[in-house]
Protein chains: 2
Amino acid sequence: MAKDDNGNEHTGGIQSLDAALRLLNAMIERRAPASLSELARECGMPPSKVHRYLASFHHAGLVEQAGRSGKYDLGPGAVTLGLSALARHDFVNRASDALPDLRDESGLTALLSVWGTQGATVIRWERAASPMVTSMGLGTTLPLLNSATGRAFLAWAPPAPLQAFREAELRHARQNPAVAPDLLPTEEDIDKMVQTIRTQGYASVEGKFIPGLVAIAAPILDWQREAQAVITLIGTDPAVVQPRSEAVERLTAFCKELSFAPMITGGAR
Amino acid sequence: MAKDDNGNEHTGGIQSLDAALRLLNAMIERRAPASLSELARECGMPPSKVHRYLASFHHAGLVEQAGRSGKYDLGPGAVTLGLSALARHDFVNRASDALPDLRDESGLTALLSVWGTQGATVIRWERAASPMVTSMGLGTTLPLLNSATGRAFLAWAPPAPLQAFREAELRHARQNPAVAPDLLPTEEDIDKMVQTIRTQGYASVEGKFIPGLVAIAAPILDWQREAQAVITLIGTDPAVVQPRSEAVERLTAFCKELSFAPMITGGAR
DNA sequence: AAATATATTGCATAATGTGAAAACCACTCT
DNA sequence: AGAGTGGTTTTCACATTATGCAATATATTT
């Protein structure tokens, strides 16, 4: 009988594996590389134990030692695992496959993001032939309030972890007025923005995240009308954010196509 | 002393954890939900063992039971883990940060390029203290066939848009025999070159793009083994292009460091 | 250099994972 | 119905294997 951190038991498992996974979890929660002793303290294990677990994780590629600092970090195997898990959700495959088409049709850079523990995370992107080279790698996390992608998640929120982010980002924004000087939104401002986005069917942003760029984003909805993923188009022409621009039409049609279809197609379809 | 599937040992780890991770790996390789007994067969373990491991994985959210079929599948915890890892492996940033080190260690000019719609595009550039000053701006696009960078992309191609470039450049080369007089390659020549590059692990060029300069280039691969970016070293000493030169070793090690890798480096791939 | 923090290895001890077999369950076929 | 089949879960006695402590080794700071 193994016990988890709350003292709740779960039967039939393997204690050492449970401990190892608790360690993995600790590495996720610290969002940065950590030293062996930090991890040991973090989850109340003797350093030698942690060391042995890390050796096995390292061997499997789940964990790697960062540079010469010796700190431990999640490794490429973890990425493989996660993307493999994501790929089981067929909307991810369908969206990934179709993303190049969307880019070609719209002539804009196209992004596919999901909502991860760290926020909106880019898992696929197709760059358009734009003069402006945005260096944005896979796994980039986008701001919640000042990116089109983030706002789309905000408006069609998978409820649970979002409120926390909302607060965290607001707090951060208030302390760093330099970042977003024109917009220190109150709760009501945000609610109003969310309303607008929902009725428009897409979120947009002009130059907030990266000056000179404009972006529009629409959600891929599941059967509960929550965002499973968000697709974003990025360009330079301010016209694309306009309500009935060609880009907006294409994007929303594209996302509707990938969303879980409601059973009765009332009116809008 | 734990053994992996090849019989290779790795010291200091934990055997049961190694076995558990082998199981996880089996779940990744099957790209679909699998039943307990399938998994047991797959990795040569008794069903009871697999069951116990799955119980622990399930408890951690890494694995879940699909619907009422009872089959096991990777779960939300795996996504969380992967996205968390992905967020730390923004290779463009990591490569940009490390590029000066590579320049210093090798004493050569180092380039970081990504595959844009216009071709291989230089996005970062660290010039060595070399007498030869190559004037090459950020955003320069490099030829596909006659630069080390281009050849590396060719060999580890993100498949879709590349064929078009290949044809375009060939056509262009045939019309302009002055540019590449010695090499009017057929499709087979190119395929042969690609094979060589892939087995060598890097692409090279001597004086093709700019007379008097030599260059070697290696890819940063993503989890699908496609080139996400290419790093190129440029110098004047013809020795650097030799298969096991110091520069080659450094460069390939550097790129491997930044690439994604399969979870467990087992034989078959 | 000494001192402190951190990582790694060795070792005896018993706690824990192990495989075989038995019980359990959900089906299908006579 | 009832016996048969393939798959999953539980039980159990045993020794393999993980464990924590203490001893090195390595790195970082004073």
Side-chain angles (χ1 to χ4, degrees), chain A residues 1-5 7-27 30 32-60 62-75, chain B residues 1-5 7-27 30 32-60 62-75:
Chain A
M1 261 169 263
K3 306 198 174 190
D4 75 11
D5 7 39
N8 301 328
E9 298 175 0
H10 87 105
T11 44
I14 272 158
Q15 299 178 28
S16 67
L17 183 52
D18 290 337
L21 294 176
R22 233 152 47 224
L23 171 62
L24 244 202
N25 199 52
M27 298 192 68
R30 284 190 155 268
S35 73
L36 187 146
S37 40
E38 284 171 321
L39 291 170
R41 236 162 313 171
E42 189 81 27
C43 37
M45 298 178 189
S48 60
K49 192 174 185 174
V50 173
H51 180 254
R52 284 183 298 241
Y53 284 139
L54 286 174
S56 281
F57 280 136
H58 181 88
H59 179 69
L62 279 179
V63 160
E64 67 182 6
Q65 299 227 55
R68 198 79 217 114
S69 79
K71 292 201 168 192
Y72 290 93
D73 198 0
L74 296 179
Chain B
M1 259 170 262
K3 306 198 172 188
D4 74 12
D5 8 39
N8 301 329
E9 298 175 3
H10 87 106
T11 44
I14 271 158
Q15 299 179 25
S16 68
L17 182 52
D18 290 337
L21 294 176
R22 232 151 49 223
L23 171 62
L24 241 203
N25 198 51
M27 298 192 68
R30 291 192 149 263
S35 73
L36 187 146
S37 40
E38 284 172 321
L39 291 170
R41 235 162 308 160
E42 188 82 28
C43 36
M45 298 177 189
S48 58
K49 190 175 185 174
V50 173
H51 179 256
R52 285 184 299 242
Y53 285 139
L54 287 175
S56 282
F57 281 136
H58 181 87
H59 181 70
L62 279 180
V63 159
E64 67 184 1
Q65 300 226 51
R68 199 76 216 119
S69 77
K71 293 201 167 189
Y72 290 93
D73 198 359
L74 296 179

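Chain letters run A, B, ... following the sequence lines, proteins first, then strands; residues in each count from 1.
Near-neighbour residues of DNA chain D inside residues 39-47 of chain A, defined by a heavy atom below 4.0 Å, number-ordered: A:Pro46.
Residues A:Met45 and A:Tyr53 meet the side-chain proximity criterion, which asks for heavy atoms closer than 4.5 Å.
Taking the side-chain contact (heavy atoms from CB on, under 4.5 Å) definition, one finds that B:His51 meets it with B:Leu36, B:Tyr72, sequence neighbours left out. When the side-chain contact (heavy atoms from CB on, under 4.5 Å) test is applied to B:Ser56, the partners found at least two apart in sequence or on another chain are A:His10, A:Ile14, A:Leu17, A:Asp18. Annotation: salt bridge (Lys or Arg N to Asp or Glu O under 4.0 Å) contacts of B:Glu42 (sequence neighbours excluded): B:Arg30. Scanning for side-chain contact (heavy atoms from CB on, under 4.5 Å) contacts around A:Ala40 gives A:Pro47, A:Val50, with sequence neighbours left out.
Spacing between atom NZ of A:Lys49 and atom C1' of D:dA18 amounts to 8 Å, rounded to whole angstrom units. B:Asp18 has its CG atom 12 Å from the C1' atom of D:dA18, to the nearest Å. Across the protein-nucleic acid pair, A:Gln15 atom CD and D:dT17 atom C1' stand 13 Å apart, rounded to whole Å.
Think of the region where chain A sits on DNA chain C: with heavy atoms and a 4.0 Å cut, that region ends 5' and 3' at C:dT6 to C:dT18.
Rounding to the nearest 0.5 angstrom, the gap separating the CZ atom in B:Arg41 from the OG atom in B:Ser35 is 6.5 Å. Distance check: A:Cys43 SG to A:Leu21 CG gives 11.5 Å after rounding to the nearest 0.5 Å. A:Leu39 contributes atom CG, which lies 9.5 Å from atom NZ of A:Lys71 (distance to the nearest 0.5 angstrom). Atom-to-atom distance recorded for B:Glu64:CD and B:His58:NE2 is 8.0 Å, nearest 0.5 angstrom. Atom CD in A:Glu38 sits 10.5 Å away from atom CE in A:Met27 (nearest 0.5 Å). B:Leu62 CG to B:Asp73 CG: the interatomic distance, rounded to the nearest 0.5 Å, is 12.0 Å.
Closest contact between the side chain of B:Ser35 and the listed nucleotides D:dT8, D:dT17, D:dT9 involves D:dT8.
Nucleotides C:dC27 and C:dA23 have their P atoms positioned 23 Å apart, rounded to a whole Å.
When the nearest nucleotides of DNA chain D are assigned to A:Tyr53 and B:Ser37 by heavy-atom distance, the more 5′-ward of the two goes with B:Ser37. Residue A:Glu38 is the one, among A:Glu38 and A:Leu17, whose nearest nucleotide of DNA chain C lies closer to the 5' end (criterion: closest heavy atom).
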Would you tabulate the nitrogen or oxygen pairs shorter than 3.5 Å linking the protein to nucleotides 10-15 of chain D?
none

